[in-house]
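Step one of this worksheet: look at the structure below.
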Amino acid sequence: MENFQLVLLLLGVIAIIAVLVHGFWSIRKQQPKGYKQSPMADISRERRDADGFDNDGIGEVRVVKTEPTDDTSKLDTEPSKEQESVEEVFELSPSPAAKINKARVEPSLSTESAILATEAPVQESLFGTEEPRVEPSNTSHSVQTAAAQEVTADAAPAPVKAEEVEELADPVDVLVLHVVAHEGEELNGAELLPCLLTLNFKFGEMNIFHRHEDNAGTGKVLFSMANMVKPGVFDPDNMEQFTTQGVVLFMTLPCHGDALMNFATMLNSAHQIADDLGGVVLDGGRDEWLESTKQNYIQRIRAQVNS
């Protein structure tokens, strides 16, 4: 039994050695020849002939050492002929050369001007007499004088035109129009304010609305509008909640501008407010507005203007 185990042990050792030998032999077989040498060296060696040239006719690189010749030393020490010529050209002379003045020759037009003068007709003076020739000195003096006058005029302050302020006499008459709501109704402030802005009224003094000469709300006051209910004022910030029984438009005589035109504008504004808010136009005594009432107002205006 011991002999059998020994035989198996020997066979195992032999098998291991055989496997190792076979592996080493396989690796050795797969390794290319001349592995340690550069493959490019073999290729270059195989392609070069006996004289050292390859297939393209190129030989090996050779280093040739040359000694400096006498020609190069001559070039370094002796200047060339060209340098000598350049030095001669730029050599400074003790006396400066005379400066050559090249006169510019302008083309002459004397012959052409003479021909044109003979061919061109002479234009007669429109005024019959020749204007006197002004000497250059007098001309320059006059130009300087005119310039000085212009500077003085610019520096002098322009006269300020006094604005004529039209002063009105004390009122002698007042034209009044009422715009009232129908019985049982009221005028709404939310509708009244946009209407007044459309008619170019502007909120101002005494907390009422005024109509000015300019549509932008500037200039003299032509007529005004107040609340018919005491105290007769408006609050623009609370126009949404504002209601009233009516408004009153009034114009004093005398007034600024054309009185008849101002009255026509006031009457049109009253009718526009009545149409927009559903009201009625009445006269100063809160009576119905009639054509006869209108003629009465016009006569009052003319009487004041003619007085």
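In this text, all values refer to a predicted model and were calculated from it rather than measured experimentally.
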Worksheet item: Would you say the side-chain atoms of His212 and Thr218 include a donor-acceptor pair closer than 3.5 Å?
Response: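 No pair is found: no donor N or O on one side chain lies under 3.5 Å from an acceptor on the other.
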For a 4.5 angstrom cut-off between non-hydrogen side-chain atoms, does [X] reach [Y]?
X      : Y      : answer
Ile298 : Arg302 : yes
Leu282 : Leu177 : no
Ile208 : Phe250 : yes
Thr244 : Phe242 : yes
Gln245 : Val180 : no
Glu213 : Leu222 : yes
Val280 : His182 : yes

Worksheet entry | Contact list for residues 278-294, test side chain to side chain donor-acceptor pair (under 3.5 Å), sequence neighbours left out |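 Residue pairs with at least one partner in residues 278-294: Glu291-Gln295.
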Worksheet item: Is the centre of the Phe234 ring less than 6.0 Å from the centre of the Phe203 ring?
Response: no
Discussion item. Please report whether the ring centroid of Phe201 lies less than 6.0 Å from that of Phe223.
Written reply: yes
Worksheet item: With sequence neighbours left out, what residues match Asp173 under salt bridge (charged side-chain N to carboxylate O under 4.0 Å, His left out)?
Response: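 With sequence neighbours excluded, Asp173 shows a salt bridge (charged side-chain N to carboxylate O under 4.0 Å, His left out) to Arg300, given in chain and number order.
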Fill in: Residue pairs, two or more places apart or on separate chains, that pass salt bridge (Lys or Arg N to Asp or Glu O under 4.0 Å) and touch residues 232-248
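Counting only pairs at least two positions apart or across chains, no salt bridge (Lys or Arg N to Asp or Glu O under 4.0 Å) contact touches residues 232-248.
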Item to complete: Would you indicate whether Asp170, at its atom CG, is surrounded by more than 12 heavy atoms from other residues, nucleotides or ligands within a distance under 6.0 Å?
Response: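 Counting neighbours around CG of Asp170, 12 or fewer heavy atoms of other residues, nucleotides or ligands fall under 6.0 Å, so no.
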Indicate, with yes or no, if [Y] and [X] share a hydrophobic cluster defined by side-chain heavy-atom contacts under 4.5 Å among Ile, Leu, Val, Met, Phe, Trp and Tyr.
X      : Y      : result
Leu199 : Leu193 : yes
Leu196 : Val176 : no
Val305 : Leu260 : yes

Fill in: Sole candidate of Val247, Asp276, Leu187 that passes side-chain contact (heavy atoms from CB on, under 4.5 Å) when paired with Leu192
Val247
Discussion item. Testing the basics here: between Arg211 and Asn215, what is the closest heavy-atom pair and its distance to 0.1 Å?
Written reply: NH2-OD1, 3.1 Å
Worksheet entry | Heavy-atom closest contact (Gly232 atom, Ala226 atom, distance) |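 Closest approach of Gly232 to Ala226: O-CB, 3.5 Å.
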